[in-house]
Amino acid sequence: MTTTVFPAYRIFPIGDTAISVDFGNIVDENINSQVLGLFEYLKKHPLAGMIEAVPAFSSITIHFDVARVRRAGPAGTTAFEILRNELKQLLKEGIPLQHPEKRIIEVPVCYDPSFGHDLATMSEVTGIGVEEIIQIHTSITYRVYMLGFLPGFCYMGEVDERIALPRKQHPQHVEAGSIGIAGKQTGIYPLSSPGGWNIIGKTNLSLFNPNANEMVFFKAGDEVKFISISRDEFTRN
Amino acid sequence: MNLRVIKGGVMDTVQDLGRNGYQYLGINPGGAMDQMSARVANILVGNSPDEAFIEMHFPASAFFFEQPALIAVTGADFKASVNGEEIPLRHPVLVSKYSILQFEGLVQGTRACLAIHGGINVPKWLNSYSTNVKAHIGGYNGRPLQRDDELPLRKQPDFEKLLGKNEFLALPWKADELRTEARADRILIIPGPEWDQLSEDSKRKFLQRSFTLTPQSDRMGYCLKGGALSLQNNQEMISAGVSFGTIQLLPNGQLIILMADHQTTGGYPRIAQVITAHHSRIAQLKPGEALRFHSCEQSVAEELLLKERSLVQQLQYACNFKLENLLHV
């Protein structure tokens with residue numbers, strides 16, 4: 001059986017009820033795929049006492065119930081040590097290679113300045129025209145590395161260096177559906193919320209439907225392509 | 001039969017112990033700020049510790065009971081009264097039909113828990129009653145309680161007979177030994193994954209200085225004010241796992257403690273973690289109060305948590321036993 005060979009990692013507690021496996025402070029498609037593989041594996045084969053696992057860019061955090069973990073391990077050992085040993089063993093043995101279905105999702109975006117509130121400032125700072133910023137943003141197929149921050153909010157990468165502006169100093173009100181850029185990340189706000197990302201456009205797609213079967217539109221591992229649409233097309237949808 | 005809100009509070013929500021299993025979708029656990037008090041309140045009225053209850057801030061809501069009910073108030077002391085007469089905290093209290101429960105003054109603490117026998121009959125979302133105010137879902141219509149809301153209660157046993165002519169009756173057992181208090185002078189932490197990135201001077205400051213809770217503190221997080229801390233080298237961090245109690249260092253050198261409504265992941269250095277057994281202490285703090293952090297071993301944090309859980313379990317056995325005797329004799 002083909003197994004995943006994991007790269008070097010660090011393992012540490014996040015307090016007394018969580019443990020993290022961290023493959024380095026980097027954004028890397030291969031490492032992220034391995035994190036997601038490990039996440040899927042743990043979902044199917046949860047460790048004793050595990051409450052849930054949360055994948056991120058290059059790390060996974062496992063939340064656990066101290067009493068239940070302790071009952072499953074040798075006496076006199078902390079829950080953290082028990083889980084650390086199990087995870088080390090699992091990572092050493094490797095897990096069956098996963099072949100997740102690849103989904104490429106097209107996201108229609110209206111980059112009109114009435115939605116892309118920060119386009120003008122971005123153009124000023126970078127010296128790149130608004131049209132070209134839009135062209136650069138739509139030219140790349142992005143990967144959804146992880147979900148977090150808000151229900152259904154996806155962190156996608158990587159944005160072209162030329163338009164990779166850092167977060168704004170002061171968070172502002174951002175409307176649901178807004179597309180933002182923060183460094184080399186791009187994302188879509190599923191809900192209206194305060195936020196510090198540079199807002200460049202808006203989509204009509206509904207990314208979070210709490211009562212639907214598929215509550216959340218994107219999954220980590222998805223590929224996303226932004227398609228520029230006019231204001232007319234946006235209002236018609 | 002309903003529990004009617006006759007006066008709205010500032011931020012009163014239906015909660016339980018949180019919504020687990022959906023953080024991978026960006027859906028945070030939420031739940032009670034003071035989980036210990038939430039457990040105790042439910043146990044006192046014969047509920048499972050993870051039943052729905054009402055978390056209140058001051059000024060709190062006032063409630064009208066359309067039916068007799070068995071209630072308990074734990075956590076902060078807001079001078080709870082039934083029909084104008086003060087009722088004891090951390091006691092199961094029977095209240096008669098058409099009673100008014102209100103909270104008349106802020107004595108101590110920040111968050112009070114009101115549990116009612118049978119719980120609150122609102123729909124669960126993703127296996128939890130917790131209100132996710134940001135996503136407008138869960139709890140009571142996904143929002144804080146307002147005047148004229150009607151919270152459906154489940155059928156209560158025949159309390160009329162026990163009450164007799166009394167407007168309320170405090171049952172003769174209590175949970176004072178499981179009282180949670182705002183205690184800021186000694187908050188135990190364990191170092192976080194980015195602890196070693198702090199400068200030596202900042203590590204010292206963190207463990208020796210006191211930090212003040214600012215008014216921006218809420219259910220999402222506590223903003224602390226104190227001498228600014230710094231990292232050895234400022235390296236951009238990508239988003240990674242966090243949990244209730246994670247202490248993050250913001251770019252301006254100030255600290256934030258993530259609380260019940262925290263995000264599922266964070267991109268700021270996680271320098272330390274408040275141990276779970278001390279979450280209730282910090283949950284009851286008020287802006288302006290000063291905190292001091294002390295480091296402890298992982299094993300100590302786990303032992304304190306297990307000890308707390310076992311006290312709660314003992315209370316649950318004792319309360320269920322007494323309540324069954326009372327109701328079935």
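Just so it is clear, the model here is predicted, and its values are computed rather than measured. Basis for what follows: all heavy atoms, side chains included, without hydrogens, waters or symmetry-related copies.
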Go through the atoms of B:Arg309 and report whether side chain, backbone, both or neither lie under 4.5 Å from a heavy atom of chain A.
neither
Parallel, tilted or perpendicular, judged at 30° and 60°: which one describes the rings of B:Tyr24 and A:Phe39?
tilted
Interatomic spacing from OH in B:Tyr22 to CE in A:Met215 - rounded to 0.5 Å:
6.0 Å
Given heavy-atom pairs under 4.5 angstrom as the criterion, report whether the side chain, backbone, both or neither of B:Val242 touches chain A.
backbone
Relative to chain A, which of B:Gln273, B:Arg270, B:Glu302, B:Met237 shows the most heavy atom pairs under 4.5 Å?
B:Glu302
By a 4.5 Å heavy-atom criterion (distance strictly below it), what part of A:Ala53 contacts chain B: side chain, backbone, both, or neither?
backbone
Let's test your reading of the structure: which of A:Leu147, A:Ile60, A:Thr61, A:Thr17 forms the most heavy-atom pairs below 4.5 Å with chain B?
A:Leu147
Let me know if A:Ile26 has heavy atoms under 4.5 Å from chain B in its side chain, its backbone, both or neither.
backbone
Which atoms of B:Leu126 come close to chain A, meaning under 4.5 Å heavy atom to heavy atom: side chain ones, backbone ones, both, or neither?
side chain
Once you round to the nearest 0.5 Å, how far does OG1 of B:Thr264 lie from NE2 of A:His63?
8.5 Å
Rounding to 0.5 Å, atoms OG1 (A:Thr78) and CD (B:Gln298) come to a distance of 6.0 Å
Under 4.5 Å to a heavy atom of chain A? For B:Ser239 that would be both
Which residues from residues 66-75 of chain A are near chain B, with near meaning under 4.5 Å between non-hydrogen atoms?
A:Val66, A:Ala67, A:Arg70
Using the side-chain contact (heavy atoms from CB on, under 4.5 Å) rule, take B:Gln263 and A:Phe153 through it: C-alpha gap first, then chi angles, then the decisive distance, then the call.
CA-CA 11 Å; B:Gln263 297 176 195; A:Phe153 185 97; over 6 Å; no
Nearest heavy-atom approach of A:Ala56 to B:Ala240 is CB-CA, 3.9 Å
One option among A:Val54, A:Asn25, A:Val216 has the most heavy-atom pairs under 4.5 Å with chain B, and it is A:Asn25
To the closest 0.5 Å, what do you measure between CZ (A:Phe80) and CD (B:Glu297)?
12.0 Å
Interchain contact, B:Ile137 with chain A, by part (heavy-atom threshold 4.5 Å):
side chain
Part of B:Leu305 within contact of chain A (heavy atom distance under 4.5 Å):
side chain
In this structure, are over 12 heavy atoms from other groups packed under 6.0 Å from A:Lys225 atom NZ?
yes
Scored by heavy-atom pairs under 4.5 Å with chain A, the best of B:His136, B:Glu303, B:His262 is B:Glu303
Candidate pair B:Thr265 and A:Tyr155, rule side-chain contact (heavy atoms from CB on, under 4.5 Å), full reasoning
CA-CA 11 Å; B:Thr265 53; A:Tyr155 290 83; 4.3 Å; yes
Take atom NE2 in A:His45; do more than 12 heavy atoms of anything else shown fall under 6.0 Å from it?
yes
If you measure from CG on A:Leu150 to NZ on B:Lys134, what distance do you get to the nearest 0.5 Å?
5.0 Å
Contact winner vs chain A - B:Ile27, B:Ile190, B:Ile238, heavy-atom pairs under 4.5 Å
B:Ile238
A:Lys43 versus chain B, the contacting section by heavy-atom distance below 4.5 Å
side chain
Roughly how far apart are B:His279 NE2 and A:Asp16 CG, rounded to 0.5 Å?
6.5 Å
Heavy-atom proximity to chain B below 4.5 Å, by part of A:Ile14:
both
Shortest non-hydrogen separation from B:Pro193 to A:Pro13 and the atoms involved:
CD-O, 4.0 Å
